[in-house]
Amino acid sequence: MLDMTVKLAGVALKDPVVVASGTFGFGREYSQFYDLGELGGICAKGLTLHPRNGNPAPRIAETPMGILNSVGLENPGVDAFIAEELPFLRQFDTKVIANISGNTPEEYGIMCEKLSAAGVDMIEVNISCPNVKAGGMAYGTRPDLAAEVTETAKKNAGNVPVMVKLSPNVTDITEIAKAAEGAGADALSLINTIRGMRIDVDTRRPVLKMNTGGLSGPAVLPVAVRMVWEVSQAVSLPILGMGGVAKGEDAAQLMLAGATAVAVGTAMFADPYAPLKVRDGLADIAERQGLSAVSELTGGAKPW
Amino acid sequence: MLDMTVKLAGVALKDPVVVASGTFGFGREYSQFYDLGELGGICAKGLTLHPRNGNPAPRIAETPMGILNSVGLENPGVDAFIAEELPFLRQFDTKVIANISGNTPEEYGIMCEKLSAAGVDMIEVNISCPNVKAGGMAYGTRPDLAAEVTETAKKNAGNVPVMVKLSPNVTDITEIAKAAEGAGADALSLINTIRGMRIDVDTRRPVLKMNTGGLSGPAVLPVAVRMVWEVSQAVSLPILGMGGVAKGEDAAQLMLAGATAVAVGTAMFADPYAPLKVRDGLADIAERQGLSAVSELTGGAKPW
Amino acid sequence: MVLAVGDMVRTSGVRPGQFVHIKCGEGTLLRRPISICEWTESREGDTLTIVFEVRGEGTAWLARRPAGHTADVLGPLGNGFAIDREGRYLLVGGGIGVPPMLGCARYTGGTSTAILGFRSKDKTILLDEFGGDCNDVQIATDDGSLGYHGFVDALVRQELGRDRSYDAVLACGPKPMLKSVAKVAAESNVPCQVSMEERMGCGVGACLVCATPMRDGTVKHVCKDGPVFDAEEVDWDA
Amino acid sequence: MVLAVGDMVRTSGVRPGQFVHIKCGEGTLLRRPISICEWTESREGDTLTIVFEVRGEGTAWLARRPAGHTADVLGPLGNGFAIDREGRYLLVGGGIGVPPMLGCARYTGGTSTAILGFRSKDKTILLDEFGGDCNDVQIATDDGSLGYHGFVDALVRQELGRDRSYDAVLACGPKPMLKSVAKVAAESNVPCQVSMEERMGCGVGACLVCATPMRDGTVKHVCKDGPVFDAEEVDWDA
Ligand SMILES: Cc1cc2nc3c(=O)[nH]c(=O)nc-3n(C[C@H](O)[C@H](O)[C@H](O)COP(=O)(O)OP(=O)(O)OC[C@H]3O[C@@H](n4cnc5c(N)ncnc54)[C@H](O)[C@@H]3O)c2cc1C
Ligand SMILES: Cc1cc2nc3c(=O)[nH]c(=O)nc-3n(C[C@H](O)[C@H](O)[C@H](O)COP(=O)(O)OP(=O)(O)OC[C@H]3O[C@@H](n4cnc5c(N)ncnc54)[C@H](O)[C@@H]3O)c2cc1C
Ligand SMILES: Cc1cc2nc3c(=O)[nH]c(=O)nc-3n(C[C@H](O)[C@H](O)[C@H](O)COP(=O)(O)O)c2cc1C
Ligand SMILES: Cc1cc2nc3c(=O)[nH]c(=O)nc-3n(C[C@H](O)[C@H](O)[C@H](O)COP(=O)(O)O)c2cc1C
Ligand code: FES
Ligand code: FES
């Protein structure tokens with residue numbers, strides 16, 4: 001029997017496949033397709049301190065094997081999440097990871113305090129959302145600011161592990177990773193979306209109302225694998241790897257590169273069952289290789 | 001009659017579609033498929049001062065709608081290019097753009113001097129090759145070094161326009177663009193490849209012998225469009241846009257984003273005739289829109 | 001195009017105005033939303049009919065499918081029109097907004113009136129079908145090549161001027177058209193429901209990309225809260 | 001799989017050891033190199049036969065093609081074996097290196113000897129065809145389930161020990177096999193040509209990804225300078 005469990009910053013996941021923040025809402029919709037207890041974990045839609053409507057539509061554009069989005073953190077605010085969404089998610093036998101974005105380190109701190117008190121399994125600190133003008137992006141591209149946010153989050157999160165989500169839109173992602181590690185992060189997640197643009201050649205308008213947006217989906221997988229590999233060599237924190245995972249092999253690549261667990265996002269838009277298929281595909285690979293635990297994949301890549 | 005000509009840093013191209021450096025060798029192979037005079041221009045394979053064998057194979061891996069390469073500047077050296085390849089390329093009614101990489105600013109200078117004396121139409125200064133350990137990459141990620149290389153190239157290139165090729169592996173590409181402009185560049189080309197990795201999950205080895213390589217092909221198009229758009233707003237230099245162009249619409253997007261001309265690379269591996277099809281597709285779009293000159297597309301995107 | 005959908009209609013039920021989300025080949029990542037035009041249910045297997053225009057790569061792929069091909073279809077999705085079998089409605093469709101209105105016409109069995117707008121005569125679709133299922137069918141074309149020369153809102157104004165006893169105006173088409181129709185209906189004091197279009201990701205309400213602003217300052221999502229909304233709810237000036 | 005290739009053979013000529021570069025659907029970007037196994041030419045249209053193993057996505061797509069399907073094929077590419085119709089050769093193939101050797105066998109019309117290696121009996125291919133076109137066919141399997149239990153190089157050593165009058169050893173297969181065969185041939189003073197494999201981009205010599213190191217310190221390119229090289233040229237220790 002293959003052991004599918006993994007431990008991410010002390011949190012035991014029944015299998016290493018979770019769903020990526022912002023692609024799964026708060027779980028209500030996909031719970032009509034399958035029992036959410038089948039998932040290793042759920043990264044909930046990104047929260048802010050106050051409710052946000054997000055950016056004007058169109059908020060999505062299709063690109064070769066990828067999509068651009070510019071949702072801009074539409075969410076009901078952290079309090080409404082705790083009151084209305086968390087109890088729903090708590091019904092299922094899975095781990096709940098809250099994802100937060102703030103305009104200031106203080107906002108991150110307040111949200112961590114609230115979420116820690118409410119009881120989530122982990123807090124994912126998004127310092128890398130490319131779709132909000134203030135704050136978000138800069139935190140993810142400057143080591144000093146990344147450290148400051150991480151420190152404040154840790155101080156306020158109590159016993160709840162803090163996972164910092166890194167932006168790929170940087171010259172050297174290991175610098176930010178090290179800054180987050182130095183500031184006390186319990187885990188890292190990567191990659192968030194890569195900034196991109198699509199133009200409608202007939203109207204001459206960007207397809208997205210925000211002009212640019214974040215690229216995700218299979219197109220970004222090789223960038224995600226490279227960054228997970230770099231980061232795993234630069235820090236000793238566990239990594240939640242993501243970016244373009246659509247099948248078991250993709251998840252295995254990220255784990256071999258150094259990820260402890262993986263998240264599936266965009267692939268669900270094509271196939272709501274993608275996370276379960278990724279999990280099963282991953283199990284097939286581990287079994288084919290005669291592993292006794294899927295966790296043996298983590299960091300197993302042998303560089304030339 | 002649609003006017004297909006464009007001017008890139010004073011060099012008149014018969015149409016805005018050129019072939020990207022490193023994907024077309026020195027033209028001999030594809031000249032068996034069509035008259036090279038059908039191309040707007042040819043960016044020749046990247047040259048170094050001395051001959052190089054490049055990196056060990058495998059040097060290519062396939063990814064979703066993209067490829068990774070780690071050729072590592074295999075080339076016969078600038079002298080052999082001038083003696084043996086340039087005369088061949090000169091037979092065709094097209095513009096020849098030499099592409100150079102150096103380990104030091106001095107090397108760039110020497111190559112520019114030689115190429116200027118030999119008579120090429122333009123020199124593309126590659127400060128962004130991710131596949132060589134020394135030099136290349138750092139020049140493309142640090143404004144000060146980018147400026148230094150540009151300045152030395154300009155000083156030694158005589159009347160030949162110097163186009164600086166930018167790396168997408170940076171936090172803010174406009175910083176490097178401005179540094180190159182400040183140092184006297186006549187044009188900019190972008191994007192070079194994005195660093196990525198693929199792992200063979202069964203052997204657990206990276207597919208590329210160099211472990212990581214450069215991502216190109218349709219997958220990167222939205223990143224290229226975004227960067228061309230950002231750079232075109234930050235500087236007033238003409239831009240050769242590239243990254244994932246496979247059809248007329250892709251070229252039109254890059255031009256609307258601000259490119260004066262576009263280069264086609266990876267798409268040729270699937271279809272040797274890709275540059276001609278891109279040219280024809282671009283002409284169709286311009287005609288459908290009732291333009292009298294394809295150059296009217298350049299910078300035509302209207303942000304929201 | 002007719003889709004054999006097993007027991008989808010019998011198990012999920014279908015209302016006019018709902019849509020399906022179709023995977024259009026390996027080359028495109030996102031599914032394509034297409035309204036359900038008609039449906040049948042039977043022990044031998046239910047069917048859905050969709051009518052679509054080739055716009056880009058996805059619809060081109062779909063149009064090339066040979067008979068007997070298997071497609072990956074998610075649905076029925078969204079909320080359809082709030083509509084009674086016994087009601088009498090003024091159905092307004094523009095362009096690719098015409099197909100879902102046929103479902104409404106069938107549902108109300110011949111009592112409704114349809115006002116359909118097209119770019120030109122050669123772009124008209126489903127005229128015979130509407131003829132058979134409506135009390136009256138009025139056509140407008142942008143270029144005047146068939147019926148009224150102009151937009152549907154003028155015909156809607158004329159019709160509501162004549163007869164305000166419709167239970168509601170139901171409309172589907174481009175947003176500017178919906179806005180005008182909603183205005184005319186409001187002026188005539190006839191309730192109005194509109195089916196909106198927005199670019200979609202998941203199609204089920206999870207990714208929040210298909211947002212459309214409401215008059216009360218909130219946003220709703222076309223795929224899950226819509227595509228049909230009360231015209232009054234919608235912020236037409238956003 | 002047999003490809004109808006119009007007048008390709010008549011206009012370009014084909015030599016054993018050359019390959020075609022095949023676009024395998026929209027989902028994969030790169031073409032797949034497959035050796036030409038046999039060919040025919042005639043006024044009614046030339047044909048190429050390819051024999052391949054399903055390894056991944058591309059070959060799986062190709063294997064699913066129904067008869068009559070049109071494929072995008074570039075070729076013939078590369079340099080084949082330097083071989084005389086009148087010559088007598090020792091043909092050595094391993095696994096998916098077996099198909100191109102059949103072309104050599106046909107070309108030399110029954111005078112050559114073939115030594116073919118497979119993983120096991122159920123992986124053998126083309127045995128009848130080789131039987132018809134060779135003077136002698138010897139089989140080795142890794143697991144001993146058919147013929148000699150072991151690698152082909154042992155059979156090659158044995159054969160060359162018996163008879164050194166072959167004009168050359170021609171070999172195709174995985175690099176370690178080619179290395180051993182080249183060594184045995186060199187020891188026996190028989191010239192040896194090997195057909196190499198490398199991952200490819202353009203397939204025509206322009207992108208330089210398919211580099212393979214030569215003994216003289218240079219690199220050559222499998223697609224354009226090869227796939228067939230003189231065993232002496234190759235740097236076997238790289
Ligand atoms: C609820 C709903 C119902 C619809 N019903 C019908 C119908 O019954 N018949 C019909 O012909 N069309 C209908 N459409 C429009 C149809 O979805 C688009 O024409 C189609 O998605 C275009 O895809 P493409 O690949 O051909 O075009 P492309 O331009 O290549 O598509 C690129 C991307 O943009 C999206 N997109 C492009 N145009 C639209 C659009 N107008 N609305 C939403 N997304 C778009 C595509 O889904 C895709 O993700 C409906 C749209 C919605 C939202
Ligand atoms: C000159 C030459 C001749 C060949 N002749 C034959 C033949 O006659 N019969 C046969 O069955 N196979 C042959 N091969 C091997 C064949 O090209 C690969 O099995 C095939 O490319 C695998 O593609 P895939 O999509 O199924 O596998 P994937 O693993 O999905 O392919 C991923 C990428 O790696 C490349 N790749 C994978 N394996 C190889 C390989 N062994 N060699 C080169 N590229 C590879 C693919 O082309 C593709 O770009 C030949 C290879 C070369 C270089
Ligand atoms: C529509 C959409 C919304 C997203 N919203 C968030 C978010 O709120 N917070 C966050 O940290 N990441 C967000 N992301 C990024 C994803 O969590 C993930 O990092 C990225 O999409 C790469 O994974 P994928 O390729 O599997 O989608 C969003 C992505 C998409 C496509
Ligand atoms: C095999 C290969 C070799 C390349 N060699 C060079 C090079 O020598 N010099 C250079 O400036 N860019 C080189 N590039 C980058 C391309 O010129 C181009 O910037 C990049 O591939 C993006 O364009 P594309 O997606 O159309 O291929 C190479 C790209 C590939 C795929
Ligand atoms: S398309 Fe995902 S929420 Fe509507
Ligand atoms: S595959 Fe491009 S040079 Fe050989």
Side-chain angles (χ1 to χ4, degrees), chain A residues 56 61 63-68 141-142 167-172 194-206 208-213 215 217-230 244 246 248-250 252-257 285 288-289 297 300-304, chain B residues 56 61 63-68 141-142 167-172 194-206 208-213 215 217-230 244 246 248-250 252-257 285 288-289 297 300-304:
Chain A
T63 70
M65 279 299 118
I67 62 165
L68 295 167
T141 57
R142 282 184 42 188
S167 168
N169 300 291
V170 293
T171 307
D172 182 358
I194 303 177
R195 276 188 351 99
M197 186 179 197
R198 180 171 175 175
I199 299 170
D200 180 322
V201 301
D202 289 317
T203 64
R204 299 193 168 194
R205 291 281 194 182
L208 299 175
K209 199 69 168 254
M210 295 299 286
N211 299 320
T212 64
L215 182 66
V220 310
L221 177 68
V223 180
V225 174
R226 185 262 293 184
M227 289 188 165
V228 166
W229 190 64
E230 285 179 343
E249 190 204 328
D250 307 339
Q253 280 196 62
L254 285 172
M255 291 183 73
L256 288 167
I285 289 170
R288 188 173 79 208
Q289 299 189 353
L297 288 170
K302 291 173 288 185
W304 293 101
Chain B
T63 71
M65 279 297 118
I67 63 166
L68 296 167
T141 57
R142 282 183 44 188
S167 169
N169 299 292
V170 293
T171 308
D172 182 358
I194 303 177
R195 270 180 4 93
M197 185 179 197
R198 178 170 177 176
I199 298 170
D200 181 321
V201 301
D202 288 317
T203 63
R204 299 192 169 196
R205 290 283 194 183
L208 299 176
K209 198 70 166 256
M210 294 299 287
N211 299 320
T212 64
L215 182 65
V220 309
L221 177 68
V223 179
V225 173
R226 185 261 294 182
M227 289 188 163
V228 166
W229 190 63
E230 285 178 343
E249 190 204 328
D250 307 337
Q253 281 197 61
L254 285 172
M255 290 182 74
L256 288 167
I285 290 171
R288 186 173 80 208
Q289 299 189 353
L297 288 169
K302 291 172 290 184
W304 292 102

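Below, read A as the first sequence line, B as the second, and so on, with proteins coming before strands; counting in each chain starts at 1.
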Need one label for B:Gln253: side chain, backbone, both or neither, based on atoms under 4.5 Å from any heavy atom in chain A.
both
Among A:Leu297, A:Leu256, A:Val223, residue most engaged with chain B (heavy-atom pairs, under 4.5 Å):
A:Leu256
Which is it for B:Arg226 and A:Asn211 under the side chain to side chain contact (heavy atoms under 4.5 Å, CB included) test, yes or no, and what are the steps along the way?
CA-CA 9 Å; B:Arg226 185 261 294 182; A:Asn211 299 320; over 6 Å; no
If you measure from OG1 on A:Thr63 to CE on B:Met65, what distance do you get to the nearest 0.5 Å?
11.0 Å
Looking only at B:Ala224, B:Ala219, B:Ala257, most heavy-atom pairs under 4.5 Å shared with chain A are made by B:Ala219
A:Thr171 vs B:Asn169, side chain to side chain contact (heavy atoms under 4.5 Å, CB included): CA-CA, chis, key distance, verdict:
CA-CA 5 Å; A:Thr171 307; B:Asn169 299 292; 6.0 Å; no
Any side-chain heavy-atom pair of B:Arg288 and A:Val201 under 4.5 Å:
yes
Best-contacting candidate, B:Ala61, B:Ala252, B:Pro222, B:Gly66, against chain A by heavy atom pairs under 4.5 angstrom:
B:Pro222
Take B:Asp202 and A:Gln289 through the test side chain to side chain contact (heavy atoms under 4.5 Å, CB included) and record every step on the way to the result.
CA-CA 7 Å; B:Asp202 288 317; A:Gln289 299 189 353; 3.3 Å; yes
B:Leu208 and A:Trp304: side chain to side chain contact (heavy atoms under 4.5 Å, CB included), yes or no, with the steps?
CA-CA 9 Å; B:Leu208 299 176; A:Trp304 293 101; over 6 Å; no
Interface moiety of A:Leu254 toward chain B, non-hydrogen atoms closer than 4.5 Å:
neither
How far does CD1 of A:Ile199 sit from CE of B:Met255, to the nearest 0.5 angstrom?
12.0 Å
For chain B, find which of A:Pro206, A:Pro56, A:Pro218, A:Pro168 contributes the most heavy-atom pairs closer than 4.5 angstrom.
A:Pro206
About how many Å separate CE of B:Met227 and CZ of A:Arg195, when rounded to the nearest 0.5 Å?
8.0 Å
So, the side chain of B:Arg205 versus the backbone of A:Pro303: is there a donor-acceptor pair under 3.5 Å, distance only?
yes
By a 4.5 Å heavy-atom criterion (distance strictly below it), what part of A:Asp250 contacts chain B: side chain, backbone, both, or neither?
neither
